[in-house]
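Some notes on the structure that comes next.
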Amino acid sequence: MYLAVSPVVDPTATGGPAHWRLRPVAPDGAAAGPERRVDAAGLAGAELERPRWLMDAAARVYPDLLAAGCPVRRSHDVTLTERILLARDGRSGEPSSAAAVHARARGLTVPTDPDPAARDGQPGLFESGDAGPEQVDPLEALATAIADQHRRIGSDNALRLLVAAESASGLAAAEMGFAGLPWDVREHDRLLTAALGPRPVGGARPVKLAALAGQISAAFGFEVNPDSVTDVRNAFRRSGFDIESTGRWVLRELAHPAAGLVLQYKELSRLYTANGWNWIADWVRDGRLHSEFVPGGVVSGRWATRGGGGLQIPRAIRAAARAEPGYRLVVADAAQLEPRVLAALSADPALQAVSTDADLYAGLAADGFGGDRAAAKLAMLGAMYGQTSGEAGRLLGTLRSRYPAAVACVEAAARQGEAGGVVRSVLGRTSPPPGGTWRAVVATGTDETASDADRRRAREYARSWGRFTRNFVVQASAADWAAVWLSTLRRELASLSGAELVFFQHDEVVVHAPQQHAAAVAEIAIEAAEQARDLVFPGATASTPVRPMIVGGYAEAK
DNA sequence: GCGGGGGGCGCC
DNA sequence: AAAGGGCGCCCCCCGC
């Protein structure tokens with residue numbers, strides 16, 4: 001049974017909906033009780049009955065519920081679910097809102113998805129006074145959508161698990177955006193000032209950057225703007241270094257006094273522009289970093305973020321992520337998740353055995369790489385990413401001889417992609433099919449009359465897509481595991497008052513918890529990982545351990 | 001003046 | 001023989 005929820009927006013009011021409409025709905029879409037119209041207190045009362053809430057999209061609905069004081073335990077997220085189901089049908093990118101699902105199921109004109117970014121102050125899709133022919137009652141749309149999705153999911157247990165975990169991820173993401181990551185602005189400012197000098201006024205460069213820019217020009221003997229790739233490249237060419245790119249890997253090899261200075265400049269400049277004082281002003285409010293997390297924002301099922309670069313908090317400023325007084329951060333990450341997932345996915349006995357090592361790469365090294373951990377790691381990453389050249393390519397043979405099933409698993413995925421096919425994660429997330437351009441290029445290159453250049457280009461395209469699908473099966477299955485881990489962890493966390501998820505990044509969570517609950521949170525993280533392994537890879541002997549650390553500041557965790 | 005593409009770099 | 005996957009965001013640059 002579900003409880004469908006839909007906000008009632010008054011276009012003239014600000015600060016979110018004052019009322020919500022609720023309706024019990026059976027899995028087949030039939031109304032299972034009368035509709036209610038409730039305020040915040042009514043919402044909270046309804047949640048006490050522990051329903052599975054049925055919502056259009058947590059990203060659109062849940063922030064207002066949280067603001068109204070109604071944290072939700074369980075949900076079915078029509079939009080997140082629809083993305084998964086559409087991808088399985090090779091229809092990624094089609095509208096996925098409840099209204100769209102409803103329209104498709106009823107053969108009506110499908111509305112485009114509401115844009116969450118353009119929603120503030122605007123009446124929602126269904127609330128505009130003049131209902132057009134394609135407007136549908138939102139509760140009606142939800143009822144149609146759950147029935148339709150139930151039918152399409154059927155009895156596929158893996159898919160059911162994926163949909164449940166994805167829906168829970170939607171809740172977790174909204175909660176994390178709402179809570180924010182505790183952020184010590186004074187510590188951040190201290191780090192910035194130490195690296196860059198005091199915060200500049202106006203548009204001036206910080207003093208350290210200005211000094212480096214001056215030294216760079218002096219080293220060349222003429223004026224060079226280190227912010228300009230073109231400028232830097234031309235300067236090195238004038239100085240006798242014929243470089244194509246100004247990337248780190250190129251500059252590192254240059255025997256010119258400016259090279260090291262440019263590298264220093266780039267590092268500091270990135271800190272200043274990407275995570276400097278402006279970033280604080282934009283994304284930190286009341287001591288919390290508020291990123292918008294977007295579950296399923298990546299085709300593989302990984303999360304993305306909108307704004308703040310929430311998944312790219314550089315190590316240089318992690319010391320600013322600090323627990324509040326009386327609290328601790330519990331940082332739990334699944335170390336070396338992807339090779340462990342490959343072990344489980346491929347059921348390779350030898351790799352599963354090695355995966356029980358705390359350091360999988362050390363185990364690999366001992367198992368066939370003469371103790372050379374770096375080589376073992378390179379070979380494993382190369383196999384998962386599709387690297388065929390260099391040392392990784394040479395080491396692939398060793399990997400294949402030791403772990404034939406694991407290598408065969410990723411190579412089968414690569415062949416599937418090279419042929420234009422799709423692949424699936426362990427729980428059934430499906431890769432997108434290649435686009436029209438790809439098909440055209442590959443078709444041209446395989447024609448009898450194709451030129452050598454056309455053939456080469458076609459091979460390149462095919463191989464590139466093969467690398468994508470090769471990596472997809474591992475990355476997406478890791479994302480499946482992580483979603484189940486996160487949702488299990490989140491569910492158990494509800495029993496510890498004051499503990500909240502504040503950060504999630506692919507294979508790592510941060511929980512902000514009262515000091516006295518920190519140890520329990522760590523235990524929950526460990527157990528949730530074991531449950532995730534059993535749910536996502538039933539029967540697998542591979543291990544996907546997490547090692548939580550209880551710290552005051554994020555920087556202490558690594 | 002604006003937007004898109006590209007180079008580059010941060011994270012996993 | 002074969003030139004490693006996924007992102008977001010910054011700046012510059014160029015074309016309109």
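Residue numbers begin at 1 in each chain, while the letters A, B, ... track the order of the sequences.
Within 4.0 Å of A/I313, counting heavy atoms only, lie sugar-phosphate atoms of the nucleic acid but no base atom. Within the nucleic acid shown, A/R233 has no heavy atom closer than 4.0 Å to any nucleic acid atom. Residue-level contact check: A/W465 touches neither bases nor backbone, having no heavy atom under 4.0 Å from any strand.
With hydrogens and angles ignored, a donor-acceptor pair under 3.5 angstrom links the side chain of A/R270 to the base of B/dC9. A donor N or O paired with an acceptor N or O is found under 3.5 Å between the base of B/dC12 and the side-chain atoms of A/R302.
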statement: Readout for nucleotides 11-16 of chain C: B = base within 4.0 Å of protein heavy atom, S = sugar-phosphate only, - = neither; 5' to 3' it is SSS---
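Judged purely by distance below 3.5 Å, without hydrogens or angles, the side chains of A/D359 and A/Q336 pair a donor atom with an acceptor atom. Checking A/D480 against A/S425 by side-chain atom types alone, a donor-acceptor pair falls below 3.5 Å. Counted by atom type alone, A/R60 and A/T79 present one or more donor-acceptor pairs between their side chains at under 3.5 Å. Side chain to side chain, A/T449 and A/D447 meet the donor-acceptor criterion of an N or O pair below 3.5 Å.
For CZ of A/R285, the number of neighbouring non-hydrogen atoms (other residues, nucleotides, ligands) closer than 6.0 Å is 12 at most.
Taking atom CG of residue A/D452 and atom C1' of nucleotide C/dA1, one finds them 14 Å apart after rounding to whole Å. Going from atom CZ of A/R455 over to atom C1' of C/dA1 covers 16 Å, rounded to whole Å. Rounded to an integer number of Å, the gap from A/W283 CH2 to C/dG8 C1' is 11 Å. As a whole-Å value, the separation of A/L268 CG from B/dC9 P is 13 Å. One atom, CG of A/L251, and another, P of B/dC9, lie 8 Å apart when rounded to the nearest Å. The distance between atom CZ of A/R394 and atom C1' of C/dA2, rounded to the nearest whole Å, is 14 Å.
In this structure, A/K266 does not reach the B/dG8 phosphate: none of its side-chain N or O atoms is under 4.0 Å from OP1 or OP2. Listed pair A/T305 / C/dC7 fails the phosphate criterion, with no side-chain N or O lying under 4.0 Å from OP1 or OP2. In this model, the phosphate group of B/dG8 is approached by a side-chain N or O of A/T246 to a distance below 4.0 Å at OP1 or OP2. Considering only side-chain N and O atoms, A/R467 lies nowhere under 4.0 angstrom from the phosphate OP1 or OP2 of C/dG4.
In the set B/dC11, B/dG7, C/dG5, the nucleotide with an atom closest to the side chain of A/R315 is B/dC11. In the set B/dC12, B/dG8, C/dG6, B/dG8 carries the atom at the smallest distance from any side-chain atom of A/S245. Closest to the A/Q475 side chain, of the nucleotides C/dA2, B/dG10, C/dG6, is C/dG6. Closest contact between the side chain of A/N471 and the listed nucleotides C/dA2, B/dG10, C/dG6 involves C/dG6.
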- line: Its dot-bracket string being built from Watson-Crick and G-U pairs below 3.5 Å, with | for another strand and [ ] for crossing, DNA chain C has the pattern ....||||||||||||
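Residues A/H506 and A/D282 both approach DNA chain C. Their nearest nucleotides, taken by heavy-atom distance, put A/H506 toward the 5′ side.
C/dG5 has its base stacked against the ring of A/Y385, the centroids being under 5.5 angstrom apart at an interplanar angle below 30°.
Counting heavy atoms from C-beta on, the side chains of A/L85 and A/L159 come closer than 4.5 Å.
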task: Quick one: do A/R190 and A/E187 satisfy salt bridge (Lys or Arg N to Asp or Glu O under 4.0 Å)? Show the steps, please.
output: CA-CA 5 Å; A/R190 204 187 58 73; A/E187 173 67 9; 3.1 Å; yes
message: With side chain to side chain contact (heavy atoms under 4.5 Å, CB included) as the criterion, how do A/L289 and A/W279 come out once you've worked through the C-alpha distance, each side chain's angles and the decisive distance to 0.1 Å?
response: CA-CA 10 Å; A/L289 164 61; A/W279 180 88; 3.6 Å; yes
- prompt: Checking ring pair (Phe, Tyr, Trp, His ring centres under 6.0 Å) for the pair A/F178/A/H290: CA distance, chi angles, key distance, verdict?
  reply: CA-CA 7 Å; A/F178 188 77; A/H290 293 274; 8.0 Å; no
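Partner A/F504 forms a ring-ring contact (aromatic ring centres under 6.0 Å, His included) with one of A/W485, A/F293, A/W303 and no other, that one being A/W303.
Judged by the 6.0 Å and 45° rule, A/R318 forms a cation-pi pair with A/Y554.
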